[in-house]
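Report on one structure; see the data block that follows.
Just so we're clear, the structure is a prediction, and the values are computed from it rather than from any experiment. By convention here, the first residue in the shown sequence is residue 1.
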Amino acid sequence: MLDALASGVRDLWVAGGFVMPPLFVLTGVLWFALGWRLLALRRGDARPMAAVLAAGRAGHAPAGRGVIVQAVRALVKSGAAGPGAPTAALRAHL
């Protein structure tokens with residue numbers, strides 16, 4: 001089975017000509033970039049945004065390293081997410 005797959009890939013490579021090496025490299029770069037972006041933009045917390053923000057307001061720092069968790073921590077640290085903070089100010093920060 002693997003021999004047939006390797007043979008098919010080899011045939012496509014030969015039929016593609018000079019375009020195949022750059023295409024192969026760019027495909028690898030694209031998939032690497034997509035994977036990197038996926039890992040970099042993790043939420044960090046599976047709860048809804050309102051629950052994460054409420055936990056931050058209550059003084060319970062959310063666990064994780066995602067973008068949302070970092071934003072809530074920054075809001076709490078700056079004081080913009082205090083108990084009486086207006087929703088418009090919070091939306092401006094997020």
Contacts of Arg73 meeting salt bridge (charged side-chain N to carboxylate O under 4.0 Å, His left out) (sequence neighbours excluded), chain-then-number -> none
Rounded at 0.5 Å granularity, tell me how far CZ in Arg47 sits from CG in Leu53.
10.5 Å
If I take atom CZ from residue Phe18 and atom CG from residue Leu23, how far apart are they, to the nearest 0.5 angstrom?
11.5 Å
Using side-chain contact (heavy atoms from CB on, under 4.5 Å) as the criterion, list what pairs up with Leu34, not counting sequence neighbours.
Leu30, Trp31
